[in-house]
Enquirer: 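Take a look at the following structure, please.
Below, read A as the first sequence line, B as the second, and so on, with proteins coming before strands; counting in each chain starts at 1.
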There are 2 protein chains.
Amino acid sequence: MSRNSWRAVKDIRIADVARLAGVSTATVSRVLSDPDKVRKKTHDAVMEAVRRSGYTPNSTAQKLRTRRTMNVLVVAPRLTNPVFAEILRGVDDELTKSGYGIIIGNLDNRREREARYVDLVLSRQVDGVLLLTGYIPEHGARSMRESGLPIVGMCAAIQDPAIPNVVVQDREATRRAVEYLAALGHRRFGYISGTLSSIIESERFGGFKEGIAAIGLSRNDFVRWEGPFVFSTGVAAAEAFVRMEDRPTGIFAACDESAIGFIKRVRAERIRVPQDVSVIGFDGVEFSDYSEPTLTTFRQPLHELGRVGADVLLKLIRGEMKSEDWNIRLPLTLLERETTGPVLHKDYKSLRRSVF
Amino acid sequence: MSRNSWRAVKDIRIADVARLAGVSTATVSRVLSDPDKVRKKTHDAVMEAVRRSGYTPNSTAQKLRTRRTMNVLVVAPRLTNPVFAEILRGVDDELTKSGYGIIIGNLDNRREREARYVDLVLSRQVDGVLLLTGYIPEHGARSMRESGLPIVGMCAAIQDPAIPNVVVQDREATRRAVEYLAALGHRRFGYISGTLSSIIESERFGGFKEGIAAIGLSRNDFVRWEGPFVFSTGVAAAEAFVRMEDRPTGIFAACDESAIGFIKRVRAERIRVPQDVSVIGFDGVEFSDYSEPTLTTFRQPLHELGRVGADVLLKLIRGEMKSEDWNIRLPLTLLERETTGPVLHKDYKSLRRSVF
DNA sequence: ACTCAAGATGTAATCGATTACAAAAATCGA
DNA sequence: TCGATTTTTGTAATCGATTACATCTTGAGT
């Protein structure tokens, strides 16, 4: 069986259409791309030939000739994460309007996969790149950076004047989270981290520490539990939490998954949320609406983030703007729901005694 | 500003490398694609030139010449659905091993988006198609079906001998769900549907009715609540449920989201799960592990489904097999957890009185 | 009817690789 | 060392479109 055994039986080229319509290939091309440049009568004849032959231009040939691929690479750390999936929807909506396609660069949290996507750039398979990671992938001798291709960062800011960033204000939001808990009377805090090497994590932890400082507390007034952005990180944090002598009462989780994992686990120990411990998440993914109790969290404008990022990239590709001075920072919304509340007892141990 | 203002300053072509190495373009090409065909000395000289110039072949030109794009189109109804995201991971793992890329066809539940992806096929931008939908998109005069491109169905079986299906046994599983609830003593059932027009839904509902018949009951012994595969469908079902006189005690939901939406809502009415009503979901997505109570559900082998589907498609593309007689059906696993239990009271009204 | 500009169409180069075929170089045996 | 054979390399056609430039039509103005 030949290697190309699967190919369509009939493959119609522009020359076939030209012959059928009795014109040159140039005319057929013009009819399809710039109809005003040909006479109505010719136009109709060509269109008729196109219809009858079922011709669709070979887009690879178009790409080669025009040097535009109409594709954009979106590099994401992990596709199963609903945050990235939702951003992707926004990106897709915007790109589709302009006829651009998406090629997914799913790192699946494995950094060695980067090489593959850098190659897509170097071999000119895309016209631009959206980075949902906080850094520019390197690869061998050359990198995306040197390719000259437009890149937009959509994670925490990439420090490079040539690269515009479209991000959310996670530092500010995290800081607000601490202040919000403090206003409810909390004075001992827990911080459940995300993936340590990620820039998002360091932004959020940075904001957290700013908040701690802002309310006049110090490094001694909080504990930090570490792990990636997944449910089980919250579960592990909860297990450390229940073993503590002097438990914090206000918990900030760097993502909703770990917040929910934490809550599920502490409730199994008959610790009540929010009466015994308040928990605040981050992201505002859909299932946080359905957790028990409903999660207090910051909702990211994910769809908008995707749309704005894609829009900036398209402007860059079209040469309608330069990279400098494009750092957009979208605000987050605090959803005050059921997992946070005022501190009931200063001394948690006495609380336990009184309840059980 | 010129239209191509973004393009890299230096663009190295194969001819540049050839000149640098003092050989012809044919030799450079051979060094890169079939190194054994050239003398070691030439090989080294060419590689040195490649390294020094930072050459990467223009893959669009390669595609045009070889008529292979090394891309596969994956058509999915909705990307934010964790089920599809997980399948996609499996697909990605398998395709990456063979050097193929993924182009995402996200329908976002809007059927009119199909045209765009049919065009990708007709304009020969992909070598094959994986359908996570239950039907082949049509478009204008021609369709994917006529393109002659290999297609693999990964939803409920597509009825076309030319198209292999790699699917899960959802009909059997749903039937088993009914029998499982019946074994716990349930005799009045509720069925929370998924998107009505989807083939998955009709498969699952079909299995449900088979189960009802198998335990000797009839159409009068269950109610069906309709809606798409989302949380709010379960919420709406719950609202109808609480208004009922003679409530069912065994609920099957066609997806975990609606099962969780249902549970969240009935608990708000102080109806207990599973003491008052048992709920069984479908899919086994990650957050079903963290719902309260932990959801009883069928776990789909999503990652494996993706890998197997991609593998079948690659075999088809390579001409290593024919489409006929390739219908793979993967089994599901029942996760018996906390939302199902034996029937406690035959008469639910007396139950309410006795409890509150 | 004639000129000339504007508009429509055709010819052929081009995008950047791969590869059939031809030509040259290396290898081998006698 | 010579010719036959095998291996290596080069030349040029090819994939299928777009588009600069040349050429031919059309129609307005006089």
Enquirer: Could you state the interatomic distance from CD1 (A:I163) to CD1 (A:I136), rounded to the nearest 0.5 Å?
Expert: 3.0 Å
Enquirer: From C-beta outward on A:P57, which listed nucleotide comes closest to its side chain: D:dA17, C:dT9, C:dG16?
Expert: D:dA17
Enquirer: Would you check if there is a donor-acceptor pair between the side chains of B:R78 and B:T80 at a distance under 3.5 Å?
Expert: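 Per modelled atom types, B:T80 and B:R78 side chains form a pair under 3.5 Å.
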Enquirer: For A:D108, which residues count as a salt bridge (charged side-chain N to carboxylate O under 4.0 Å, His left out) partner, sequence neighbours excluded?
Expert: A:R110, B:R89
Enquirer: Can you name the residues that form a side chain to side chain contact (heavy atoms under 4.5 Å, CB included) with B:S197, not counting sequence neighbours?
Expert: B:T195
Enquirer: Holding to side chain to side chain contact (heavy atoms under 4.5 Å, CB included), I want the full list of residues that pass it with A:A15, two or more places apart in sequence or in another chain.
Expert: A:R19, A:T25
Enquirer: What is the separation between atom CZ on B:R67 and atom C1' on C:dT19, rounded to the nearest whole Å?
Expert: 14 Å
Enquirer: Hey, what bend do you get for the helix from C:dA1-D:dT30 to C:dA30-D:dT1 if you fit axes on five pairs at each end, rounded to 10°?
Expert: 30°
Enquirer: Which whole-number value in Å describes the distance from A:K40 NZ to D:dT25 C1'?
Expert: 19 Å
Enquirer: In plain terms, say whether B:D16 and B:R13 are close enough for a salt bridge, that is, a side-chain N and a carboxylate O under 4.0 Å apart.
Expert: yes
Enquirer: Over how many whole Å does the gap from A:D127 atom CG to C:dC15 atom P extend?
Expert: 18 Å
Enquirer: Tell me the interatomic distance from B:Q62, atom CD, to D:dA17, atom P, rounded to whole angstroms.
Expert: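 Going from B:Q62 (CD) to D:dA17 (P), I get 20 Å.
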Enquirer: Take atom CG of A:L64 and atom C1' of D:dC15, then tell me their distance rounded to the nearest Å.
Expert: 9 Å
Enquirer: If you measure from CD1 on A:I199 to SG on A:C155, what distance do you get to the nearest 0.5 Å?
Expert: 7.5 Å
Enquirer: Pairing donors with acceptors under 3.5 angstrom, does anything connect the side chains of B:Q125 and A:K63?
Expert: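 Yes, side-chain donor-acceptor contact under 3.5 Å.
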Enquirer: Can you tell me how far C1' of C:dG16 sits from CZ of B:R19, to the nearest Å?
Expert: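 It works out to 13 Å between those atoms.
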Enquirer: Using whole Å, report how far NE2 of A:H43 lies from P of C:dG7.
Expert: 18 Å
Enquirer: On DNA chain D, compare the nucleotides closest to A:L32 and B:K37; which residue's is nearer the 5' end?
Expert: B:K37
Enquirer: Whole angstrom is fine here: how far is it from CG in A:D34 over to C1' in D:dA20?
Expert: 15 Å
Enquirer: Check whether any side-chain heavy atom of A:I102 lies under 4.5 Å from a side-chain heavy atom of A:N71, and answer yes or no.
Expert: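 No. Closest side-chain heavy atoms not under 4.5 Å.
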Enquirer: Run B:R318 and B:S98 through side-chain hydrogen bond (donor to acceptor under 3.5 Å, both in side chains) and show every step you take.
Expert: CA-CA 11 Å; B:R318 298 197 186 108; B:S98 303; 3.0 Å; yes
Enquirer: Which atom pairs link the protein and nucleotides 25-27 of chain C when you take only N or O atoms and keep those under 3.5 Å?
Expert:
none

Enquirer: Using a distance-only test with no angle check, is there a side-chain donor-acceptor pair under 3.5 angstrom linking A:T96 and A:D92?
Expert: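 Their side chains do contain a donor-acceptor pair, which is all the 3.5 Å distance test asks for.
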Enquirer: For the residue pair A:R111 and A:Y135, would you count it as a cation-pi contact if the rule is NZ or CZ under 6.0 angstrom from the ring centre and within 45 degrees of the ring axis?
Expert: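 Yes, a cation-pi geometry.
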Enquirer: Provide a list of protein-nucleic acid N or O atom pairs under 3.5 angstrom, restricted to nucleotides 11-14 of chain C.
Expert:
residue, atom, partner, partner atom, Å
C:dT14, O2, A:R65, NH1, 2.7

Enquirer: Mapping A:A61 and B:D36 to their closest nucleotides on DNA chain D, which lands nearer the 5' end?
Expert: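 Nearest-nucleotide comparison on DNA chain D picks B:D36.
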Enquirer: State whether B:S29 places a side-chain N or O below 4.0 Å from either non-bridging phosphate oxygen (OP1 or OP2) of C:dT18.
Expert: yes
